[in-house]
Amino acid sequence: MSGEAQRSAPILARVAPGGELPTHVAIIMDGNGRWAAQRGLPRFEGHRKGIEAIRRAVQTAAAHDIRYLTVYSFSAENWRRPEEEVSFLMGLLKRFLRHDLAELHSNNVRVRVIGAREGLAADIRLLLEEAEQLTRTNTGLTLVIAFNYGGRQEIASAVRALARKVKEGLLDPEAIDMEMVGASLDTHDIPDPDLVIRTSGEQRVSNFLTWQTAYSEFVFLPVFWPDFDDASFKAALDEYRRRDRRFGGLSAKAC
Ligand code: IPE
Ligand code: IPE
Ligand code: MG
(Lines give C-alpha, C1' and ligand atoms only; values in the text may rest on other atoms or scores of the structure.)
(Ligands and ions follow the chains in the order given, each with its own letter.)
Protein backbone atom coordinates (compact mmCIF):
# COMPACT_ATOMS: atom_id res chain seq x y z
CA MET A 1 0.00 0.00 0.00
CA SER A 2 1.36 3.44 -0.82
CA GLY A 3 2.03 6.00 1.94
CA GLU A 4 -0.86 8.15 0.72
CA ALA A 5 -3.24 5.17 0.67
CA GLN A 6 -2.17 4.19 4.19
CA ARG A 7 -2.95 7.61 5.57
CA SER A 8 -6.44 7.71 4.13
CA ALA A 9 -7.22 4.14 5.25
CA PRO A 10 -9.22 3.55 8.45
CA ILE A 11 -7.17 3.73 11.65
CA LEU A 12 -7.04 0.00 12.41
CA ALA A 13 -6.11 -1.01 8.88
CA ARG A 14 -3.38 1.64 8.96
CA VAL A 15 -1.48 -0.01 11.81
CA ALA A 16 1.73 -0.95 10.08
CA PRO A 17 2.74 -4.58 10.05
CA GLY A 18 6.19 -4.94 11.62
CA GLY A 19 9.11 -4.40 9.34
CA GLU A 20 7.77 -1.70 7.03
CA LEU A 21 10.12 1.08 6.05
CA PRO A 22 9.04 4.65 6.72
CA THR A 23 7.56 6.75 3.93
CA HIS A 24 8.80 9.96 5.49
CA VAL A 25 11.95 10.37 7.60
CA ALA A 26 12.57 13.74 9.24
CA ILE A 27 15.94 14.54 10.75
CA ILE A 28 16.95 17.03 13.43
CA MET A 29 20.57 17.42 12.37
CA ASP A 30 22.18 18.34 15.66
CA GLY A 31 25.72 18.41 17.05
CA ASN A 32 27.77 20.25 14.42
CA GLY A 33 29.20 22.63 17.01
CA ARG A 34 30.16 19.87 19.42
CA TRP A 35 31.69 17.81 16.61
CA ALA A 36 33.96 20.76 15.84
CA ALA A 37 34.72 21.56 19.49
CA GLN A 38 35.81 17.96 20.06
CA ARG A 39 38.45 18.50 17.40
CA GLY A 40 39.50 21.96 18.56
CA LEU A 41 37.93 23.46 15.44
CA PRO A 42 35.63 26.48 15.11
CA ARG A 43 31.91 25.68 15.04
CA PHE A 44 31.54 26.53 11.37
CA GLU A 45 33.79 23.60 10.43
CA GLY A 46 31.14 21.35 11.95
CA HIS A 47 28.45 23.02 9.85
CA ARG A 48 30.57 22.65 6.74
CA LYS A 49 31.15 18.97 7.44
CA GLY A 50 27.42 18.58 8.10
CA ILE A 51 26.71 19.26 4.43
CA GLU A 52 28.49 16.02 3.49
CA ALA A 53 26.26 14.17 5.95
CA ILE A 54 23.19 15.66 4.23
CA ARG A 55 24.44 14.40 0.86
CA ARG A 56 24.96 10.92 2.35
CA ALA A 57 21.50 10.95 3.94
CA VAL A 58 19.87 11.86 0.62
CA GLN A 59 21.65 8.93 -1.05
CA THR A 60 20.70 6.46 1.67
CA ALA A 61 17.08 7.63 1.68
CA ALA A 62 16.83 7.31 -2.09
CA ALA A 63 18.50 3.88 -2.01
CA HIS A 64 15.86 2.66 0.47
CA ASP A 65 13.07 4.13 -1.61
CA ILE A 66 12.07 6.46 1.21
CA ARG A 67 9.70 8.96 -0.41
CA TYR A 68 10.26 12.02 1.81
CA LEU A 69 13.33 13.18 3.71
CA THR A 70 13.03 16.35 5.78
CA VAL A 71 16.15 18.02 7.12
CA TYR A 72 15.92 20.63 9.87
CA SER A 73 18.52 23.09 8.66
CA PHE A 74 17.77 26.35 10.47
CA SER A 75 15.17 26.88 13.15
CA ALA A 76 13.14 30.01 13.78
CA GLU A 77 15.09 30.23 17.05
CA ASN A 78 18.54 29.85 15.48
CA TRP A 79 18.56 33.63 14.85
CA ARG A 80 19.53 33.86 18.53
CA ARG A 81 23.03 32.67 17.65
CA PRO A 82 25.94 35.07 17.11
CA GLU A 83 25.62 37.04 13.88
CA GLU A 84 28.73 35.47 12.35
CA GLU A 85 27.31 31.97 12.83
CA VAL A 86 23.92 32.96 11.41
CA SER A 87 25.50 34.50 8.34
CA PHE A 88 27.75 31.45 7.91
CA LEU A 89 24.67 29.21 7.95
CA MET A 90 22.92 31.46 5.41
CA GLY A 91 25.98 31.31 3.16
CA LEU A 92 26.16 27.55 3.54
CA LEU A 93 22.57 27.14 2.36
CA LYS A 94 23.33 29.30 -0.66
CA ARG A 95 26.44 27.32 -1.48
CA PHE A 96 24.58 24.03 -1.02
CA LEU A 97 21.80 25.08 -3.40
CA ARG A 98 24.17 26.52 -5.99
CA HIS A 99 26.48 23.52 -5.86
CA ASP A 100 24.05 20.61 -5.39
CA LEU A 101 20.85 21.63 -7.14
CA ALA A 102 21.83 20.36 -10.59
CA GLU A 103 22.85 16.99 -9.18
CA LEU A 104 19.72 16.67 -7.06
CA HIS A 105 17.68 17.47 -10.15
CA SER A 106 19.50 14.92 -12.28
CA ASN A 107 18.85 12.34 -9.56
CA ASN A 108 15.12 13.04 -9.89
CA VAL A 109 14.95 14.61 -6.40
CA ARG A 110 12.10 17.04 -5.79
CA VAL A 111 13.03 19.88 -3.45
CA ARG A 112 10.43 21.45 -1.14
CA VAL A 113 11.10 24.17 1.37
CA ILE A 114 9.15 24.75 4.58
CA GLY A 115 9.54 27.66 7.00
CA ALA A 116 8.97 31.40 6.85
CA ARG A 117 10.32 33.11 3.74
CA GLU A 118 9.79 36.54 5.31
CA GLY A 119 12.92 37.59 7.09
CA LEU A 120 15.20 35.80 4.63
CA ALA A 121 17.44 37.75 2.27
CA ALA A 122 16.11 38.21 -1.27
CA ASP A 123 18.89 36.12 -2.85
CA ILE A 124 18.14 33.18 -0.54
CA ARG A 125 14.43 33.38 -1.27
CA LEU A 126 15.16 33.37 -4.95
CA LEU A 127 17.42 30.32 -4.68
CA LEU A 128 14.80 28.45 -2.65
CA GLU A 129 12.11 29.27 -5.19
CA GLU A 130 14.39 28.27 -8.05
CA ALA A 131 15.13 24.91 -6.40
CA GLU A 132 11.44 24.18 -5.91
CA GLN A 133 10.52 25.35 -9.38
CA LEU A 134 13.25 23.43 -11.20
CA THR A 135 12.52 20.13 -9.45
CA ARG A 136 8.75 20.34 -9.00
CA THR A 137 7.88 17.57 -11.48
CA ASN A 138 10.59 15.15 -10.32
CA THR A 139 9.24 11.84 -9.12
CA GLY A 140 12.02 10.46 -6.91
CA LEU A 141 12.80 11.38 -3.31
CA THR A 142 11.24 14.59 -2.02
CA LEU A 143 13.88 16.48 -0.04
CA VAL A 144 12.13 18.86 2.33
CA ILE A 145 14.40 21.62 3.60
CA ALA A 146 13.12 23.12 6.84
CA PHE A 147 14.73 26.53 6.87
CA ASN A 148 13.76 29.41 9.15
CA TYR A 149 11.24 26.86 10.34
CA GLY A 150 9.36 26.73 13.64
CA GLY A 151 6.46 24.39 14.31
CA ARG A 152 4.60 26.83 16.53
CA GLN A 153 5.14 29.70 14.08
CA GLU A 154 3.79 27.47 11.30
CA ILE A 155 0.64 26.67 13.32
CA ALA A 156 0.17 30.34 14.23
CA SER A 157 0.43 31.28 10.57
CA ALA A 158 -2.13 28.61 9.62
CA VAL A 159 -4.50 29.92 12.30
CA ARG A 160 -4.09 33.47 10.95
CA ALA A 161 -4.91 32.28 7.42
CA LEU A 162 -8.06 30.48 8.62
CA ALA A 163 -9.11 33.45 10.78
CA ARG A 164 -8.77 35.73 7.74
CA LYS A 165 -11.16 33.50 5.80
CA VAL A 166 -13.64 33.55 8.67
CA LYS A 167 -13.40 37.36 8.80
CA GLU A 168 -14.04 37.57 5.07
CA GLY A 169 -17.13 35.40 5.50
CA LEU A 170 -15.64 32.57 3.44
CA LEU A 171 -15.36 30.04 6.25
CA ASP A 172 -17.66 28.85 9.02
CA PRO A 173 -15.58 28.39 12.23
CA GLU A 174 -17.52 25.19 12.91
CA ALA A 175 -16.12 23.72 9.69
CA ILE A 176 -12.53 23.93 10.96
CA ASP A 177 -11.27 20.42 11.58
CA MET A 178 -7.88 18.66 11.74
CA GLU A 179 -7.74 18.18 7.98
CA MET A 180 -8.30 21.86 7.38
CA VAL A 181 -5.60 22.88 9.84
CA GLY A 182 -3.22 20.35 8.27
CA ALA A 183 -4.04 21.70 4.83
CA SER A 184 -3.14 25.21 5.98
CA LEU A 185 0.38 24.26 7.06
CA ASP A 186 3.53 24.54 4.93
CA THR A 187 3.48 20.73 4.80
CA HIS A 188 -0.02 20.55 3.25
CA ASP A 189 1.27 18.32 0.42
CA ILE A 190 3.67 16.24 2.54
CA PRO A 191 2.62 13.21 4.63
CA ASP A 192 3.39 13.27 8.35
CA PRO A 193 6.81 11.91 9.28
CA ASP A 194 6.80 8.26 10.26
CA LEU A 195 10.24 8.49 11.79
CA VAL A 196 12.06 11.43 13.36
CA ILE A 197 15.77 11.02 13.95
CA ARG A 198 17.71 13.41 16.18
CA THR A 199 21.46 13.19 16.33
CA SER A 200 23.85 14.45 19.05
CA GLY A 201 22.18 12.70 21.98
CA GLU A 202 19.78 15.56 22.78
CA GLN A 203 16.28 14.24 23.36
CA ARG A 204 13.96 17.09 22.52
CA VAL A 205 11.88 18.35 19.63
CA SER A 206 13.14 21.96 19.45
CA ASN A 207 10.02 23.28 17.67
CA PHE A 208 10.26 20.80 14.80
CA LEU A 209 7.08 19.67 12.98
CA THR A 210 4.98 20.22 16.12
CA TRP A 211 1.65 19.36 14.49
CA GLN A 212 2.92 16.69 12.13
CA THR A 213 4.79 14.50 14.66
CA ALA A 214 1.71 13.65 16.75
CA TYR A 215 2.21 9.93 15.98
CA SER A 216 5.79 9.84 14.70
CA GLU A 217 8.33 7.41 16.07
CA PHE A 218 11.44 9.08 17.54
CA VAL A 219 14.95 7.69 17.42
CA PHE A 220 17.70 9.56 19.25
CA LEU A 221 21.22 8.73 18.17
CA PRO A 222 24.38 9.47 20.14
CA VAL A 223 26.35 10.60 17.06
CA PHE A 224 27.06 14.18 16.10
CA TRP A 225 25.51 15.15 12.77
CA PRO A 226 28.77 15.33 10.74
CA ASP A 227 29.41 11.68 11.70
CA PHE A 228 25.94 10.52 10.64
CA ASP A 229 26.52 7.96 7.90
CA ASP A 230 24.83 5.13 6.07
CA ALA A 231 25.27 2.81 9.09
CA SER A 232 23.66 5.34 11.46
CA PHE A 233 20.75 5.80 9.06
CA LYS A 234 20.29 2.04 8.74
CA ALA A 235 20.44 1.62 12.52
CA ALA A 236 17.62 4.16 12.88
CA LEU A 237 15.59 2.41 10.17
CA ASP A 238 16.11 -0.96 11.88
CA GLU A 239 14.97 0.52 15.18
CA TYR A 240 11.90 1.97 13.45
CA ARG A 241 11.02 -1.40 11.96
CA ARG A 242 11.00 -2.94 15.42
CA ARG A 243 8.49 -0.39 16.69
CA ASP A 244 4.82 -1.22 17.08
CA ARG A 245 2.77 1.74 15.85
CA ARG A 246 -0.70 1.73 17.32
CA PHE A 247 -2.12 5.22 16.64
CA GLY A 248 -4.25 4.84 19.74
CA GLY A 249 -5.69 1.57 18.46
CA LEU A 250 -4.46 -1.91 19.21
CA SER A 251 -1.31 -3.63 18.10
CA ALA A 252 -1.64 -5.44 14.77
CA LYS A 253 -0.56 -8.56 16.72
CA ALA A 254 -3.49 -8.15 19.13
CA CYS A 255 -6.12 -7.91 16.38
C1 IPE B 1 23.05 21.72 14.32
O2 IPE B 1 24.22 21.74 15.03
C3 IPE B 1 23.02 22.73 13.21
C4 IPE B 1 22.09 23.85 13.46
C5 IPE B 1 21.31 23.98 14.49
C6 IPE B 1 22.04 24.87 12.44
P7 IPE B 1 24.45 22.77 16.21
O8 IPE B 1 25.05 24.01 15.65
O9 IPE B 1 23.22 22.96 17.00
O10 IPE B 1 25.54 22.00 17.07
P11 IPE B 1 25.60 21.89 18.64
O12 IPE B 1 24.27 21.40 19.11
O13 IPE B 1 25.91 23.26 19.17
O14 IPE B 1 26.70 20.92 18.90
C1 IPE C 1 17.57 22.27 16.39
O2 IPE C 1 18.85 22.27 16.95
C3 IPE C 1 17.57 23.06 15.12
C4 IPE C 1 18.26 22.46 13.98
C5 IPE C 1 18.83 21.29 13.97
C6 IPE C 1 18.26 23.26 12.78
P7 IPE C 1 19.29 23.32 18.03
O8 IPE C 1 20.70 23.02 18.38
O9 IPE C 1 18.99 24.71 17.57
O10 IPE C 1 18.30 23.00 19.25
P11 IPE C 1 18.43 23.28 20.80
O12 IPE C 1 18.70 24.76 20.96
O13 IPE C 1 19.57 22.46 21.31
O14 IPE C 1 17.13 22.85 21.38
MG1 MG D 1 22.41 22.08 18.60
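This is a predicted model, so every value here is computed, not measured. In listed order, ligands and their atoms are each counted from 1.
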[atom] - nearest protein heavy atom and its distance:
| atom | answer |
| --- | --- |
| atom 5 (C) of ligand 2 | Met29 O, 3.4 Å |
| atom 7 (P) of ligand 2 | Arg81 NH2, 3.7 Å |
| atom 9 (O) of ligand 2 | Asn78 ND2, 2.9 Å |
| atom 6 (C) of ligand 2 | Tyr72 O, 3.3 Å |

As an exercise, identify every atom of ligand 2 less than 4.0 angstrom from a heavy atom of Asp30.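 Counting from 1, the qualifying ligand atoms are 2 (O), 8 (O).
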Mark up the atoms of ligand 2 that fall under 4.0 Å of a heavy atom belonging to Phe74, in ascending order.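 Going through ligand 2 atom by atom, the ones under 4.0 Å from Phe74 are 6 (C).
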Arg95 bridged to Asp100 by N-O distance under 4.0 Å: no
May I ask you to decide whether Glu52 forms a salt bridge with Arg55, counting only side-chain N to carboxylate O separations under 4.0 Å?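 Looking at Glu52 and Arg55, the cut-off is not met.
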Is it the case that the side chain of Ser73 and the backbone of Val71 share a donor-acceptor pair, with hydrogens and angles ignored and the cut-off at 3.5 Å?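 Flag set: sc Ser73 to bb Val71 pair under 3.5 Å.
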Would a distance-only check, ignoring hydrogens and angles, find a side-chain to backbone donor-acceptor pair under 3.5 Å from Asp186 to Gly115?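 Here the side-chain-to-backbone pair exists.
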Using distance alone, determine whether Arg43 and ligand 1 share an N or O pair under 3.5 Å.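 In this structure, Arg43 places an N or O atom under 3.5 Å from an N or O of ligand 1.
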Polar contacts were defined as any N/O atom of the residue lying under 3.5 Å from an N/O atom of the ligand; does this apply to Gly33 and ligand 1? yes
Just by distance, no angles: are the side chains of Arg198 and Ser206 close enough, under 3.5 Å, to form a donor-acceptor pair? yes
Determine whether more than 12 heavy atoms belonging to other residues, nucleotides or ligands lie under 6.0 Å from atom NZ of Lys94. yes
Does CD in Glu168 sit with more than 12 non-hydrogen atoms of other residues, nucleotides or ligands closer than 6.0 Å? yes
As an exercise, identify every atom of ligand 1 less than 4.0 angstrom from a heavy atom of Asn32. 1 (C), 2 (O), 3 (C), 7 (P), 10 (O), 14 (O)
Go through ligand 1 atom by atom and flag the ones less than 4.0 Å from a non-hydrogen atom of His47.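 Every atom of ligand 1 under 4.0 Å from some heavy atom of His47: 3 (C), 8 (O).
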Member of Tyr149, Phe147, Phe74 meeting the ring-ring contact (aromatic ring centres under 6.0 Å, His included) criterion with Trp79: Phe74
Shortest reach to atom 10 (O) of ligand 2 by a heavy atom, considering only Arg204, Glu77, Arg198, Glu202: Arg198
Which one of Ser200, Ser206, Gly150, Gly50 has a non-hydrogen atom at the shortest distance from atom 11 (P) of ligand 2?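 Minimum heavy-atom distance to atom 11 (P) of ligand 2 goes to Ser206.
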Residue portion contacting ligand 2 (non-hydrogen atoms closer than 4.0 Å) for Ser73: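 The answer is the backbone of Ser73.
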Do you know which N/O/S atom name in Asp30 is closest to the Mg ion (ligand 3)? OD1
Phe228 and Phe233 aromatic centres sub-6.0 Å: yes
